Enquirer: 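Below: one structure in structure tokens.
The structure presented is a predicted model; accordingly, all values stated were derived computationally and were not measured. Just so you know, these numbers use all the heavy atoms, side chains as well, and skip hydrogens, waters and symmetry mates.
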Amino acid sequence: MGEIEGTYRSLQTPAGTRLGAQYNTGISTLEPGQSLSSALGAGGKGHNKSLQIRVQGLDDAQEFYELESKADGQTLSSEVFRRINLIESDYFGLEFQNLQMNWVWLEPTKLIVKQARRPMNTLFRLSVKFFPPDPGQLQEEFTRYLFSLQIKRDLMEGRLNCTENTAALLASHLVQSEIGDYDDIADREFLKINKLLPYEERVQEKIMELHRRHIGQTPAESDFQVLEIARKLEMYGVRFHPAADREGTKINLAVAHMGLQVFQGHTKINTFNWSKIRKLSFKRKRFLIKLHPEVHGPHQDTLEFLMGSRDQCKIFWKNCVEHHSFFRLLDQPQPQSKAIFFSRGSSFRYSGRTQKQLVEYVRDSGLRRTPYQRRNSKVRMSTRSLASDVPKQVSRKGKLEIASYDPFNSCSPFFHPVDSANDIPQLSPFNTKGPLCLSPSFQMSTLSLPGQAPSPLQSPILNEVGTARLEEDEEGRRKRYPTDKAYFIAKEILTTERTYLKDLEVITVWFRGAVIKENAMPEGLMTLLFSNIDPIYEFHRGFLKEIDQRLALWEGRSNAHVKGDYQRIGDVMLRNMCALKEFIGFLQKHDEVFTELEKATKRVKKLETVYKEFELQKVCYLPLNTFLLKPIQRLMHYKLILERLCKHYAPQHRDYDDCKEALKEVAEIAAQLQSSLIRLENFQKLTELQRDLIGIENLTAPGREFIREGCLYKLTKKGLQQRMFFLFSDMLLYTSKGVTATNQFKVHGQLPLHGMIVEESENEWSVPHCFTIYSAQRTIVVAASSKVEMNKWIEDLNMAIDMSKKCQEKSDLLLDPSLCDRSNRSSDEVSLEQESEDDMNSSRCSLDKQSHHRANTTMHVCWHRNTSVSMSDHSLAVENQLSGYLLRKFKNSNGWQKLWVVFTNFCLFFYKTHQEDFPLASLPLLGYTVSTPEESDSIHKEYVFKLQFKSHVYFFRAESEYTFERWMEVIKSAASSAGRMSLLVPKGPAEMNGGS
């Protein structure tokens with residue numbers, strides 16, 4: 001094909017010089033990043049199905065929209081605007097991240113499926129598209145409120161660059177808008193939880209001092225002040241598009257209401273007003289601005305900028321066309337008629353109303369929204385999100401009086417490990433540019449599928465009547481149900497079986513649907529995988545039904561005169577444990593399934609893509625291959641539960657013999673598969689790490705065993721630098737964390753264990769919990785967060801070193817020489833080198849090329865909690881899986897909320913009910929302590945346990961003494977001791993003042 005060009009030509013009109021007609025000089029029907037094959041494929045299948053699109057509002061609440069498969073961008077935009085009753089909608093648009101991870105605008109006139117590669121896996125977010133020079137032009141108070149939320153987002157994302165004093169002033173008005181007049185305690189708690197600035201800790205006192213001056217200012221006035229301050233800033237409404245001039249100098253291009261702007265860094269160096277521009281065009285990677293001759297003379301009328309790609313040129317060109325049309329034209333431009341025989345260039349046109357038309361429409365139509373409420377309630381969860389509110393009734397978030405973060409009132413389903421900067425547990429929205437970010441609003445989740453009833457978790461206020469009724473129902477239920485310990489042990493079988501079946505459905509239902517839809521899996525692997533797991537799934541469906549029926553009878557016939565066969569579980573267990581023997585052959589094939597699936601994901605690109613994208617789905621709350629381990633792990637659970645039953649029963653009990661025989665049967669099966677489980681768990685961990693680490697190949701090499709992962713501080717010329725270490729049976733890796741959306745770790749060093757020596761060296765370096773690692777290539781000094789952590793590392797390192805002596809030759813073959821130190825430094829010379837900037841830069845480049853990666857693995861928890869986890873810890877966590885309903889106490893309230901809770905992989909996962917397909921939130925337990933409430937907690941209920949990490953405290957209530965003890969037991973197995981608390985990381989204000 002010839003050179004492709006898009007043009008946009010300005011014409012002289014009575015209103016001045018405006019861009020009008022377009023000169024077509026090329027042909028292009030493909031979207032940026034779209035190949036011909038994907039374009040043909042998109043049009044040939046799947047149009048008979050509906051789309052479920054996820055949209056994030058400016059308040060960060062997310063909502064699903066169900067559309068026809070052939071819906072265009074305007075259909076989705078109109079539905080979003082209608083649902084929140086937005087009148088001045090033309091200022092806004094929907095944006096999403098393209099394949100290059102750049103935010104691009106959803107085009108109204110094109111099909112959604114032809115713009116977003118996988119729209120149902122894509123997060124669209126509502127954003128301000130056109131920033132008027134004067135906020136007074138915004139006629140609706142609600143519109144100004146949304147603009148202030150956009151300013152808030154831009155401040156946090158670093159787009160609105162300004163001085164710290166200006167940022168503090170903006171933040172103070174935002175605080176006034178959110179919680180009302182100044183209150184020292186309320187301000188501190190709000191700023192602790194809602195991060196408004198990247199460097200908020202430095203200016204918090206300044207924000208509070210300025211907030212004190214705004215007493216009596218209404219939220220509407222605060223919003224207006226935010227916009228008045230922001231509009232005077234050079235970066236107001238600016239979105240950078242990287243480019244270079246003819247001399248190769250790196251610059252940034254931007255478009256605004258007045259024309260095109262050129263920046264060097266964050267300094268504006270030139271502006272080309274619309275009146276000076278005659279034509280805009282692009283040719284491949286070159287963006288061209290043709291000026292009127294009187295501006296630069298007849299011989300210098302065209303400016304040329306080089307951008308990263310043709311796609312980037314086209315995206316910026318389209319933005320320019322839309323901005324010019326919106327701000328400069330009197331009427332909406334008419335679509336160009338299609339050429340009969342051939343056409344050249346892009347036919348793109350702005351399709352919305354111009355600003356003039358919008359102002360006239362709002363003024364002349366008389367449309368006014370019903371004033372939305374801005375309530376200053378002291379109840380914590382006081383309002384609805386903008387996205388989920390009914391039309392013409394939008395609530396403002398109320399005043400917060402809280403002391404710790406609540407994992408259940410965020411719109412995001414995953415609870416992120418503690419942030420290294422401010423030690424606040426954070427929730428991680430799916431598929432956002434930064435996978436680890438704090439939801440700034442304290443609103444309940446709005447993630448509900450179309451047609452579903454809203455979750456009780458979304459209720460804005462839990463009133464006293466509702467709270468009392470919940471407690472009365474719970475007390476009544478306790479009086480009706482059995483109190484025998486055997487009943488609660490049997491109930492644990494039921495509750496954990498429900499979770500287990502849901503885990504199997506991740507593979508048999510959800511993953512199967514994903515690979516079938518994309519035709520991504522080879523037929524042979526498809527048969528191998530599902531012919532093995534489907535029979536197991538069907539068996540457990542029947543088993544669950546049988547247990548459920550038995551427990552229902554047990555609960556309904558608890559009176560003494562009807563005791564008997566209904567109040568036992570041994571016969572059900574014996575019958576089904578015997579039946580499980582038929583599935584040993586299927587379970588023994590899991591080795592082959594694991595290996596072939598891993599090979600196929602490396603060999604088949606489409607399967608690899610589907611696999612990675614599926615792991616981003618909410619239903620896949622653990623790494624995907626973890627679910628393949630569940631059938632064998634479940635045998636171990638049966639064994640442990642039956643052991644507890646046999647221990648509880650007296651030998652003469654009518655249920656004892658059946659339970660004892662069932663235990664014998666399952667123990668026999670488990671023994672046959674024990675070695676296979678150990679091998680598969682190691683292989684699963686290695687494959688998980690292979691995906692998480694950049695710069696290491698063939699991590700799953702035969703014979704390699706994972707031993708420990710965790711955070712240590714490496715001594716460098718810059719001082720102690722946080723690094724993530726991974727210990728294997730043949731080598732030690734140390735890595736740094738990437739700063740991109742992938743959230744992966746970059747390998748910086750690889751040390752062979754053969755010949756390695758480890759010694760404590762606190763006295764030598766005057767660093768607490770410090771030890772030195774001497775290897776053949778280099779010597780490094782590291783420090784752990786506590787004495788306990790240091791001892792664990794030294795013990796495991798010495799054990800691994802002894803193991804490596806037995807397989808020296810194999811170890812040498814497995815090592816990648818390119819990662820070993822290339823210097824000739826002697827082994828007794830300590831490495832204090834500064835890791836090269838080139839290495840760090842290459843890390844970022846490599847990370848940018850990766851796909852999204854979800855941070856719900858233990859390595860990310862270890863990184864943020866400054867701790868470590870061994871393979872034996874993983875095995876113990878597998879044995880201690882637990883599920884069931886718990887009551888969770890509201891903060892500063894006597895109310896309790898009933899939630900379905902699943903403990904697995906060192907985390908608590910929270911659901912509305914056991915029937916939900918994916919969790920609302922999760923809480924990693926590493927670093928937490930579990931105990932009973934103290935007198936000062938003022939909780940006078942039985943079976944209550946307390947979870948605490950520093951100042952973050954949660955109370956949960958179990959239904960019986962047995963379940964209380966079980967929850968305490970499994971949480972203690974996952975939560976670390978107080979000795980793991982870091983002495984190297986600077987303390988926060990609460991800790992310096994003696995806070996917990």
Enquirer: Between Glu916 and Lys618, is there a salt bridge with N-O shorter than 4.0 Å?
Expert: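 So Lys618 does not pair with Glu916 through a salt bridge.
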Enquirer: Taking atom NZ as the centre, does Lys589 end up with more than 12 heavy-atom neighbours from other residues, nucleotides or ligands that are less than 6.0 angstrom away?
Expert: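 Open: at most 12 neighbouring heavy atoms sit under 6.0 Å from NZ of Lys589.
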Enquirer: Hey, does the side chain of Asn532 reach the backbone of Leu528 with a donor-acceptor pair shorter than 3.5 angstrom?
Expert: yes
Enquirer: Would you say the side-chain atoms of Arg865 pair up with the backbone N or O of Tyr928, donor to acceptor, closer than 3.5 Å?
Expert: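 Between the backbone of Tyr928 and the side chain of Arg865 there is no qualifying donor-acceptor contact (under 3.5 Å).
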Enquirer: Any donor and acceptor pair, going by atom type alone, linking the side chain of Glu596 with main-chain N or O of Leu525 inside 3.5 Å?
Expert: no
Enquirer: Would you call Glu665 and Lys581 a salt bridge, using N to O less than 4.0 angstrom?
Expert: yes
Enquirer: Please round to the nearest 0.5 Å and tell me the distance separating atom NE2 of His637 and atom CD1 of Ile632.
Expert: 12.0 Å
Enquirer: Between Gln588 and Gln672, is the side-chain contact (heavy atoms from CB on, under 4.5 Å) condition met? List the steps.
Expert: CA-CA 9 Å; Gln588 288 174 334; Gln672 293 183 48; 4.2 Å; yes
Enquirer: Step by step, work out the side-chain hydrogen bond (donor to acceptor under 3.5 Å, both in side chains) result for Asn121 and Gln617.
Expert: CA-CA 8 Å; Asn121 297 339; Gln617 301 302 307; 2.7 Å; yes
Enquirer: In this structure, are over 12 heavy atoms from other groups packed under 6.0 Å from Arg575 atom CZ?
Expert: yes
Enquirer: Assess Arg957 against Trp896: is NZ or CZ under 6.0 Å from the centre of the six-membered ring, and within 45 degrees of the ring's axis?
Expert: yes
Enquirer: Do His874 and Phe906 have ring centres separated by under 6.0 Å?
Expert: yes
Enquirer: Counting only N and O atoms by type, is there a donor-acceptor contact under 3.5 Å from the side chain of Glu709 to the main-chain atoms of Ser868?
Expert: no
Enquirer: For Leu882, does its backbone N or O pair with a side-chain atom of Arg966 as donor and acceptor, under 3.5 Å?
Expert: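 Not a single qualifying donor-acceptor pair exists.
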Enquirer: Please tell me whether Phe745 and His860 form a close aromatic pair, meaning their ring centres lie under 6.0 Å apart.
Expert: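 Close enough - the centres of the two rings lie under 6.0 Å apart.
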Enquirer: With a distance cut-off below 6.0 Å to the six-membered ring centre and an angular limit of 45° from the axis, does Arg644 pair with Tyr649 as a cation-pi contact?
Expert: no
Enquirer: Might you work through the side-chain hydrogen bond (donor to acceptor under 3.5 Å, both in side chains) test for Ser875 and Ser872, ending with a clear yes or no?
Expert: CA-CA 5 Å; Ser875 300; Ser872 60; over 6 Å; no
Enquirer: Answer yes if the ring centres of Tyr500 and Tyr638 are under 6.0 angstrom apart, and no otherwise.
Expert: no
Enquirer: Does the side-chain hydrogen bond (donor to acceptor under 3.5 Å, both in side chains) test come out yes or no for Asp503 and Tyr621, once each step is laid out?
Expert: CA-CA 9 Å; Asp503 287 344; Tyr621 66 100; 2.7 Å; yes
Enquirer: Please confirm whether the backbone N or O of Lys889 pairs with a side-chain atom of Tyr954, one donor and one acceptor, at under 3.5 Å?
Expert: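 Absent.
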Enquirer: Taking the basic N atoms (NZ, or NE/NH1/NH2) and the acidic carboxylate oxygens, is any pair closer than 4.0 Å for Glu681 and Lys685?
Expert: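 Between Lys685 and Glu681 there is no salt bridge, as every charged N stays at least 4.0 Å from the carboxylate O atoms.
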Enquirer: Can you tell me how far apart CG (Leu645) and NE2 (His653) are? Round to the nearest 0.5 Å.
Expert: 9.5 Å
Enquirer: Considering only NZ, NE, NH1 and NH2 on the basic side and carboxylate oxygens on the acidic side, decide whether Asp534 and Arg512 come within less than 4.0 Å.
Expert: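 Counted as a salt bridge, because a side-chain N and a carboxylate O are separated by less than 4.0 Å.
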Enquirer: Output yes when Glu961 and Lys485 qualify as a salt bridge under the 4.0 Å nitrogen-oxygen rule, no when they do not.
Expert: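 Judged by the 4.0 Å cut-off on N to carboxylate O distance, Glu961 and Lys485 do not form a salt bridge.
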Enquirer: Taking the inter-plane angle between the rings of Phe539 and Phe543 on a 0 to 90° scale, is it parallel (under 30°), tilted (30 to 60°) or perpendicular (over 60°)?
Expert: parallel
Enquirer: Does the Gln881 side chain pair with the main chain of Phe903, one donor and one acceptor, at a distance under 3.5 Å?
Expert: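 Looks like no, no N/O pair under 3.5 Å.
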Enquirer: Walk me through it: do Glu959 and Phe488 pass the test side-chain contact (heavy atoms from CB on, under 4.5 Å)?
Expert: CA-CA 9 Å; Glu959 64 176 348; Phe488 291 108; 3.9 Å; yes
Enquirer: Given 3.5 Å as the limit, does a donor-acceptor pair link the side chain of Arg498 with the main chain of Ser883, or not?
Expert: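 No; judged by distance alone, with no hydrogens or angles, the pair does not exist.
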Enquirer: Say you draw a straight line from CD1 of Ile533 to CG of Leu587; how long is it, rounded to the nearest 0.5 Å?
Expert: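 Ile533 CD1 to Leu587 CG: 9.5 Å, rounded to 0.5 Å.
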Enquirer: Between Thr626 and Leu622 (side chain of the first, backbone of the second, donor and acceptor by atom type, cut-off under 3.5 Å), is there such a pair?
Expert: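 Here the side-chain-to-backbone pair does not exist.
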Enquirer: Would you give the length of the straight line joining atom OG1 of Thr858 to atom CG of Leu926, rounded to the nearest 0.5 angstrom?
Expert: 7.5 Å
Enquirer: Tell me if a side-chain donor or acceptor on Asp484 pairs with a main-chain N or O of Ala486 at a distance below 3.5 Å.
Expert: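 Yes: the side chain of Asp484 pairs with the backbone of Ala486.
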Enquirer: State plainly whether the residues Glu546 and Arg550 are in salt-bridge range, i.e. N to O under 4.0 Å.
Expert: no
Enquirer: Within 45° of the axis and under 6.0 Å from the centre of the six-membered ring of Phe955, does NZ or CZ of Lys946 qualify?
Expert: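 No, Lys946 and Phe955 do not form such a contact.
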